[in-house]
Amino acid sequence: MGLRYWLMKSEPTTFSIDDLCNAPRQTTCWEGVRNYQARNYMRDMAIGDLVLFYHSNADPPAIVGIAEVVKTAYPDPTQFDKKNKYYDPASHPSNPRWEMVDIKFVRKLSRPLSLPELRKERTLKNMLLLQKGSRLSVQPVSREEWEHILSLEQSARPSTSKKRQ
DNA sequence: GCCAACGTTGGC
DNA sequence: GCCAACGTTGGC
């Protein structure tokens, strides 16, 4: 199976792209996912897969960077920690319910690609992120979507392009 | 801060 | 197995 692409959401007040950049070895474990579909997507991840790092609950919400998968799915220890906010009393260590992967910083985008800007792209109209009511925090991105998104990075910010000199 | 959309829980 | 109630996500 070839390289695959993903998008992962994080609230920047909780863990931002800069936090990832400044983390030890620029790597973090993706703890706290408590949604089966998102977990299943993490199980599908392979080392070397590339990830769009998305800031949710931000102003504006935006894709801000790229990371790569450096460790495939393994049990998320926070599910067994009674003091952790991600504690899940229904999950037993002999059969862990929740898993996580490790991702490593690759780079920040040269500029954030905001949700409103992404919505303007007809090529991206089927993107999971842009569907009404979509809340998945871990989701697949097609190769076409990936390439189109990164091509937007090269173009000028729409709001400033009008004052070209 | 509001609230629509969604996922989960639990009574029946 | 249905579905009402509840909790959460996340854009606005």
Side-chain angles (χ1 to χ4, degrees), chain A residues 4-23 28-45 49-67 69 73-103 105 108-142 145-146 148-153 155 157-162:
Chain A
R4 283 198 281 184
Y5 304 98
W6 309 93
L7 180 143
M8 296 169 98
K9 299 179 182 176
S10 184
E11 300 193 17
T13 53
T14 302
F15 191 83
S16 70
I17 187 70
D18 289 323
D19 291 329
L20 180 60
C21 182
N22 295 326
T28 189
C29 60
W30 206 255
E31 66 183 29
V33 169
R34 295 295 181 266
N35 171 282
Y36 290 105
Q37 206 174 348
R39 179 205 65 184
N40 293 345
Y41 282 133
M42 287 199 294
R43 285 178 171 172
D44 287 340
M45 291 181 180
D49 281 3
L50 292 170
V51 177
L52 294 170
F53 197 105
Y54 176 85
H55 280 171
S56 61
N57 258 314
D59 187 22
I63 296 171
V64 292
I66 298 174
V69 176
Y74 62 105
D76 177 348
T78 64
Q79 70 195 302
F80 305 124
D81 179 0
K82 285 194 172 75
K83 296 185 181 121
N84 195 286
K85 69 169 175 170
Y86 298 123
Y87 176 61
D88 181 356
S91 181
H92 193 273
S94 67
N95 184 23
R97 176 177 295 186
W98 305 113
E99 300 188 358
M100 61 189 188
V101 296
D102 287 358
I103 64 168
F105 179 82
K108 289 171 77 166
L109 299 191
S110 59
R111 64 187 186 90
L113 300 175
S114 74
L115 191 60
E117 181 178 355
L118 297 172
R119 287 198 193 284
K120 288 180 190 155
E121 299 298 318
R122 295 203 60 209
T123 310
L124 301 178
K125 69 177 194 301
N126 292 325
M127 226 188 137
L128 244 41
L129 179 72
L130 306 181
Q131 303 314 303
K132 184 178 181 183
S134 169
R135 311 187 311 186
L136 253 192
S137 63
V138 177
Q139 51 184 261
V141 172
S142 75
E145 290 162 351
W146 175 275
H148 189 75
I149 287 164
L150 291 190
S151 77
L152 296 176
E153 187 188 8
S155 61
R157 193 180 282 100
S159 55
T160 57
S161 61
K162 63 183 175 225

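All values below come from the heavy atoms of this structure, side chains included, with hydrogens, waters and symmetry mates left out. Per chain, numbering begins at 1; letters A, B, ... match sequence-line order.
- Of the candidates C:dG10, B:dT8, C:dC12, B:dT8 carries the atom nearest the A:Tyr36 side chain, counting heavy atoms from C-beta on.
- Looking only at distances, no side-chain donor or acceptor of A:Glu121 sits under 3.5 Å from a matching main-chain atom of A:Ile149.
- Of the two residues contacting DNA chain B, namely A:Asn57 and A:Gly133, the nearest-nucleotide position lying further toward the 5' end is that of A:Asn57.
- Between the side chain of A:Glu31 and the backbone N or O of A:Met100, no donor-acceptor pair lies under 3.5 Å.
- Contact check for A:Ser10 versus A:Phe53: side-chain heavy atoms found under the 4.5 Å cut-off.
- Counting to the nearest Å, the P atom of B:dT8 and the CZ atom of A:Arg39 are 10 Å from each other.
- One can place OH of A:Tyr86 at 12 Å from C1' of C:dT9, the figure rounded to the nearest angstrom.
- Between A:Arg97 and A:Asp76 no salt bridge is recorded (no basic side-chain N to carboxylate O distance below 4.0 Å).
- Phosphate contact (OP1/OP2 of B:dA4, side-chain N/O of A:Lys132, threshold under 4.0 Å): absent.
- Taking atom CD of A:Glu11 as the reference point, atom P of C:dG11 lies 9 Å away to the nearest angstrom.
- Rounded to an integer number of Å, the gap from CG of A:Asn35 to C1' of C:dG10 is 14 Å.
- Taking atom CD of A:Gln131 as the reference point, atom P of B:dC6 lies 10 Å away to the nearest angstrom.
- Taking only side-chain nitrogens and oxygens, A:Tyr54 never comes nearer than 4.0 Å to OP1 or OP2 of C:dT9.
- Across the protein-nucleic acid pair, A:Gln139 atom CD and B:dG7 atom C1' stand 16 Å apart, rounded to whole Å.
- Rounded to a whole Å, the CG atom of A:Leu136 is 13 Å from the P atom of C:dG11.
- Here the P atom of nucleotide C:dG10 and the NE2 atom of A:His55 are 13 Å apart, to the nearest Å.
- The closest donor-acceptor contact from the side chain of A:Asp49 to the backbone of A:Met45 lies at 3.5 Å or more, if one exists at all.
- A:Arg135 contributes a side-chain N or O that forms a donor-acceptor pair with the base of C:dT8 under 3.5 Å.
- Residue A:Lys9 places no side-chain N or O under 4.0 Å from the OP1 or OP2 atom of C:dT9.
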